[in-house]
Amino acid sequence: MLGDAGALRMTDETLTPQAVAFTLERAGHDASQLEELLRSLKSQPAVAIATLSELSDHPSFEVRSWVPRAARLALGQEGLTIIKRATHDRDPDIRDAAIEELVALDPREADFLVPELRRRLRSGDTYEPVAAMWTLAQIGAKDALGDVEEVARSADRPWHRKAAEIAVLALRGDGEEIARRIRDHDHDSVPWLAEAARIVGTKECRAALSWCVDGAPDQSCRNACREALDKFEARTSEM
């Protein structure tokens, strides 16, 4: 229901799958309403598990696409089963979103995806191979290193080769080379290099990201490094 100030307030009785789906479709991209819904779900884990489990099969793309993020933020480790189920959703965008949430929650739990991700490296799709190689890097799937190296050598699209080349550095844990290339301002590759620095997570990678935030010659590179550095520091604070 809506309170006096217009903020969404979900009562115990309205955290049903039907009520939550209705709220999602009505709230659209209203961040304050969605955050209130998350808080309500987080306060009642048992209800949240039942509700999000049912919503993972909802006919609406908008509803299903929200479920993996909600499961991670509201349930944490208790949401793993829900997120894993979403990695098999019939919509590829939801599958990719679920993989991102799973890796963000616990990369070790994403090992079962490795065979499928290795297959995606050979996809003719424009974006699928790049998403796959970076997920493999985040998981730390060193068994897939040879597959990513093959993309770097022989992919038809030049930007696939460049992305794979840097993903290889991440899989190898080559923080020194990643940091050097950030400082040398390999402009077209900085977003990937920043992500690689975040994944490898060495002191030299952090120092290179920090330098880039203040010293890169263009705003887009500074922004990419800032985003990676924020994630780097958030992960460090959780350890």
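All residue numbers in this chain count up from 1 along the given sequence. None of these values were measured; they are calculated from a predicted model. All heavy atoms count here, side chains included; hydrogens, waters and symmetry mates do not.
A salt bridge does not link Glu165 to Lys162: none of the charged side-chain nitrogens sits closer than 4.0 Å to a carboxylate oxygen. The residues Arg222 and Asp218 are annotated as not salt-bridged, no charged nitrogen and carboxylate oxygen being separated by less than 4.0 angstrom.
One finds the CD atom of Glu204 at 8.0 Å from the CG atom of Asp174 (value rounded to the nearest 0.5 Å). Atom CD1 of residue Ile83 and atom CD of residue Gln77 lie 9.0 Å apart, to the nearest 0.5 angstrom. The CG atom of Asp186 lies 12.0 Å from the CD1 atom of Ile178; values are rounded to the nearest 0.5 Å. Atom-to-atom distance recorded for Trp66:CH2 and Glu25:CD is 12.5 Å, nearest 0.5 angstrom. Rounded to the nearest 0.5 Å, atoms CG (Leu102) and CG (Asp106) are 7.5 Å apart.
Of the candidates Glu100, Glu101, Glu78, Arg72 forms a salt bridge (Lys or Arg N to Asp or Glu O under 4.0 Å) with just one, namely Glu101.
The heavy-atom pair separating Asp143 from Arg118 by the smallest distance is O-NH2, 3.6 Å. Nearest approach of Ser65 to Pro68, heavy atoms of both residues: O-CD, 3.6 Å. Between Ile182 and Ala208, the closest heavy-atom pair is CG2-O, 3.7 Å. The two residues Ala170 and Ala137 make their nearest non-hydrogen contact at CB-CB, 4.1 Å. Leu171 and Leu136 get closest at one heavy-atom pair: CD2-O, 3.7 Å.
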Q) side-chain contact (heavy atoms from CB on, under 4.5 Å) between Tyr127 and Asp96: does it pass, once the steps are laid out? A) CA-CA 11 Å; Tyr127 300 105; Asp96 288 344; over 6 Å; no
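Judged as a salt bridge (charged side-chain N to carboxylate O under 4.0 Å, His left out), the pairs with a partner in residues 45-71 (not counting sequence neighbours) are, in order, Glu35-Arg69, Arg64-Asp89.
Ring geometry, Phe112 versus His88: the interplanar angle falls from 30° to 60°, so the pair is classed tilted.
At least one side-chain heavy atom of Arg181 sits under 4.5 Å from a side-chain heavy atom of Ile166.
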